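First comes the structure, then the notes that go with it.
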Amino acid sequence: MLATDMPQTHSRHDSDGLLTSALREQAADQQYLTLKGLAKRFGKTRVFSDIDAEIARGEFITLLGPSGCGKSTLLRAIAGLNDVDSGEIIVDGHDITRLPPQRRGIGMVFQHYALFPNMRVADNVAFGLRMKKVRPEERERRVTEVLRLVELTDQAQRYPHQLSGGQRQRVALARALVVEPQILLLDEPLSALDARIRRHLRDQIRDIQKSLGLTTLFVTHDQEEALLLSDRIFLMHQGSILQQGNAASLYTRPVDATAAGFMGHYNLIGSELARPLLGYLCDSPQVALRPEALYLQPDEMTRPLLPGHLEAGLDFPLQSLPANVGPALPGVILRHQLLGNIVRYEVDCQGLRLNVDVLNRSARQLLPDHLRVQVHADLDEVQALGTHDTGDRSRVANG
């Protein structure tokens with residue numbers, strides 16, 4: 001995907017990198033990319049509709065949501081690879097809605113690298129510059145610079161099959177950056193990589209984006225990636241932007257049960273069922289509580305329900321209760337999941353099943369199944385939700 005000849009108002013070169021410091025220091029509140037009423041259908045199937053957004057110059061936006069919610073199709077529409085049925089795409093005051101891809105000034109990195117297997121790394125990166133008929137000496141300078149930026153200088157003469165997956169994805173990133181796009185689009189670029197490489201490349205992408213001040217849209221279904229990378233997150237559901245905001249607001253203040261279910265491992269509880277835990281009846285039909293907003297305490301005797309469990313040596317992970325805490329609700333640990341630095345306990349509190357997260361400080365503090373405990377809620381973290389069908393029991397929402 002190539003960036004090209006939209007009108008430019010800033011010089012793009014200096015000794016510090018691909019973009020000038022003047023461009024990097026543009027005011028963050030400028031509305032640079034505007035989406036107005038975008039809608040798209042494939043036949044009778046609505047992919048997305050009523051997409052409105054204002055994105056600042058240099059902002060990192062993540063389109064987050066489950067498969068089929070329209071996020072990748074929206075990204076491709078911004079790139080010009082899919083047309084839209086209605087609406088406008090405006091970049092820096094220019095309407096690009098009907099422009100062909102090569103005239104939009106946009107670079108795109110795909111999930112699958114789409115490198116030319118018969119070309120060396122340097123030639124893959126230089127391909128877009130050749131298409132734009134950039135002079136050889138300038139082309140060589142820019143390729144050298146961008147390969148340094150993505151830490152691939154020593155791989156310039158290798159072929160794609162000689163590289164690791166993470167290196168191939170960095171070549172694809174370099175190819176998008178070298179044509180100096182006004183906007184960078186990344187369509188799930190990390191999903192095919194293993195966890196260690198994904199973490200490293202994720203951090204590298206964010207560092208490069210910040211250093212260039214490049215307006216970036218990143219598509220993922222991975223909540224952790226969205227929370228770590230984004231200036232703002234657009235949470236998409238069934239072709240619409242369900243909620244948008246920074247990571248903290250989306251994680252701690254979901255607008256409804258759908259958002260809560262995707263953004264975390266929230267406990268979604270009907271208000272009647274939540275009354276014993278909260279100590280009051282919530283006005284909303286449903287409340288949401290994050291697992292880390294619940295606290296385990298030992299009961300009077302801290303005894304297991306079943307015989308045969310040794311109490312000797314049990315080191316209960318005592319937690320300091322918050323100032324605004326709900327009443328103690330007796331419960332029994334049904335099972336636990338070891339999630340690295342977190343232990344997630346599933347606790348049965350008289351028919352109300354709750355997920356409770358506890359910091360995994362020591363193997364000695366791992367609580368056995370069937371242990372009697374008490375559960376407290378941090379009342380400041382109770383999130384009242386709108387009208388949803390809660391049924392006659394709670395459910396635990398997995399993000």
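Quick caveat, the model's predicted, so the values are computed rather than measured.
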Consider only side-chain heavy atoms of I, L, V, M, F, W and Y, link residues closer than 4.5 Å, and tell whether F316 and L366 are in one cluster.
-> yes
Are any non-hydrogen side-chain atoms of F262 and M236 less than 4.5 angstrom apart?
-> no
Pair T220-L64, side chain to side chain contact (heavy atoms under 4.5 Å, CB included): steps then yes or no | CA-CA 5 Å; T220 185; L64 175 67; 4.1 Å; yes
CZ of F234 to CG of L35, rounded to nearest 0.5 Å, is 7.5 Å
Mark yes when over 12 heavy atoms from residues, nucleotides or ligands other than R98 sit less than 6.0 Å from its CZ; otherwise mark no.
-> yes
Between Q209 and G58, is there a donor-acceptor pair closer than 3.5 Å when you use the side chain of the first and the backbone of the second?
-> yes
Above 12 or not: heavy atoms from other molecules or residues under 6.0 Å from CG of D283?
-> no
Answer yes or no: is there a side-chain heavy-atom contact under 4.5 Å between L296 and P317?
-> no
For Q204 and V150, which heavy atoms make the closest approach, and how far apart are they?
-> NE2-O, 3.5 Å
Any ion pair linking D83 and K40 (charged N to carboxylate O, less than 4.0 Å)?
-> yes
Got a second to check how far I55's CD1 is from L33's CG, nearest 0.5 Å?
-> 4.5 Å
Under 3.5 Å, which donor-acceptor pairs do the side chains of residues 115-125 form with other protein atoms, sequence neighbours left out?
from	atom 1	to	atom 2	distance (Å)
R120	NH1	Q157	O	2.7
D123	OD1	R130	NH2	3.4
N124	OD1	F116	N	2.8
N124	ND2	F116	O	3.1
N124	ND2	M119	O	3.0
N124	ND2	R120	O	3.3

Keeping the roles fixed (side chain from Q155, backbone from L152), state whether a donor-acceptor pair exists under 3.5 Å.
-> no
Inspect the contact between D357 and R290 and indicate whether a charged nitrogen and a carboxylate oxygen are less than 4.0 angstrom apart.
-> no
Between N360 (side chain) and G340 (backbone), is there a donor-acceptor pair under 3.5 Å?
-> yes
Are any of the side-chain heavy atoms of P189 and F218 separated by less than 4.5 Å?
-> yes
Distance-only polar pair, side chains of Y32 and Q182, donor-acceptor under 3.5 Å = yes
For V109 and L173, the nearest pair of non-hydrogen atoms, with its separation, is CG2-CA, 3.8 Å
Consider only side-chain heavy atoms of I, L, V, M, F, W and Y, link residues closer than 4.5 Å, and tell whether L81 and L63 are in one cluster.
-> yes
Kindly indicate whether the side chain of R46, heavy atoms from C-beta on, has any atom under 4.5 Å from the side chain of S240.
-> yes
Pair up each side-chain donor or acceptor in residues 327-339 with any protein partner under 3.5 Å, not counting sequence neighbours, and list the distances.
from	atom 1	to	atom 2	distance (Å)
R335	NH1	E346	OE1	2.7
R335	NH1	E346	OE2	3.4
H336	ND1	D369	OD1	3.3

So, E188 side chain and V219 main chain: donor-acceptor pair closer than 3.5 Å or not?
-> no
Are L281 and L268 in one and the same hydrophobic cluster, where Ile, Leu, Val, Met, Phe, Trp and Tyr link if side-chain heavy atoms are under 4.5 Å apart?
-> no
Salt bridge between R202 and E224, side-chain N to carboxylate O under 4.0 Å?
-> yes
Would you say the side chain of I89 lies within less than 4.5 Å of the side chain of R104, judging by non-hydrogen atoms?
-> yes
How about H376 and Q319: do any of their side-chain heavy atoms sit closer than 4.5 Å?
-> no
Decide, yes or no, whether a salt bridge links R206 with D231 under the criterion of side-chain N to carboxylate O below 4.0 Å.
-> yes
Is it true that atom CD of E140 has more than 12 heavy atoms of other residues, nucleotides or ligands lying nearer than 6.0 Å?
-> no
For the residue pair V143 and A126, what are the closest heavy atoms and their distance?
-> CG2-CB, 3.6 Å
Which distance, rounded to the nearest 0.5 Å, do you find between the CG of L212 and the CG of L184?
-> 9.0 Å
Atom pair OG (S164) and CZ (R170), whose distance is rounded to the nearest 0.5 Å = 6.5 Å
Test item: P254 and Y266 side chains (from C-beta on) under 4.5 Å apart, heavy atoms = yes
Rounded to the nearest 0.5 Å, the CD atom of E292 sits from the CD atom of E381 at a distance of 8.5 Å
Within the side chain of D52, is there an N or O that forms a donor-acceptor pair under 3.5 Å with the backbone of G37?
-> yes
Write down the atom of C349, the atom of L354, and the distance for their closest heavy-atom approach.
-> SG-CD1, 4.0 Å
Cluster check V255, Y251: I/L/V/M/F/W/Y, side chain < 4.5 angstrom | yes
Name all pairs fulfilling the side chain to side chain donor-acceptor pair (under 3.5 Å) condition that reach into residues 64-75, sequence neighbours left out, sorted by first residue then second.
-> S72-D187
When you measure from the side chain of Q243 to the backbone N and O of R253, does any donor-acceptor pair fall under 3.5 Å?
-> yes
Can E145 and R142 be said to form a salt bridge (Lys or Arg N to Asp or Glu O under 4.0 Å), step by step?
-> CA-CA 5 Å; E145 184 179 345; R142 286 161 67 174; over 6 Å; no
Give the minimum heavy-atom separation between Q111 and Q169, together with the two atoms involved.
-> O-NE2, 3.4 Å
Tell me whether L201 is reachable from L186 by hopping between hydrophobic residues (I, L, V, M, F, W, Y) whose side-chain heavy atoms are closer than 4.5 Å.
-> yes
Tell me, do V84 and F48 make a side-chain contact under 4.5 Å, heavy atoms counted?
-> yes
Decide side chain to side chain contact (heavy atoms under 4.5 Å, CB included) for V382 and Y280; before the verdict, give the C-alpha distance in whole Å, the side-chain angles of both, and the deciding distance to 0.1 Å.
-> CA-CA 12 Å; V382 177; Y280 64 88; 4.0 Å; yes
Candidate pair L294 and Y345, rule side chain to side chain contact (heavy atoms under 4.5 Å, CB included), full reasoning | CA-CA 11 Å; L294 296 171; Y345 294 98; over 6 Å; no
Please assess V343 against V356 for the test side chain to side chain contact (heavy atoms under 4.5 Å, CB included), listing each intermediate value before the final yes or no.
-> CA-CA 8 Å; V343 182; V356 182; over 6 Å; no
Roughly how far, to the nearest 0.5 Å, is CG of L185 from CD1 of I106?
-> 5.5 Å
Identify the heavy atoms of S271 and S284 that sit nearest to each other, and give their distance.
-> CB-O, 3.1 Å
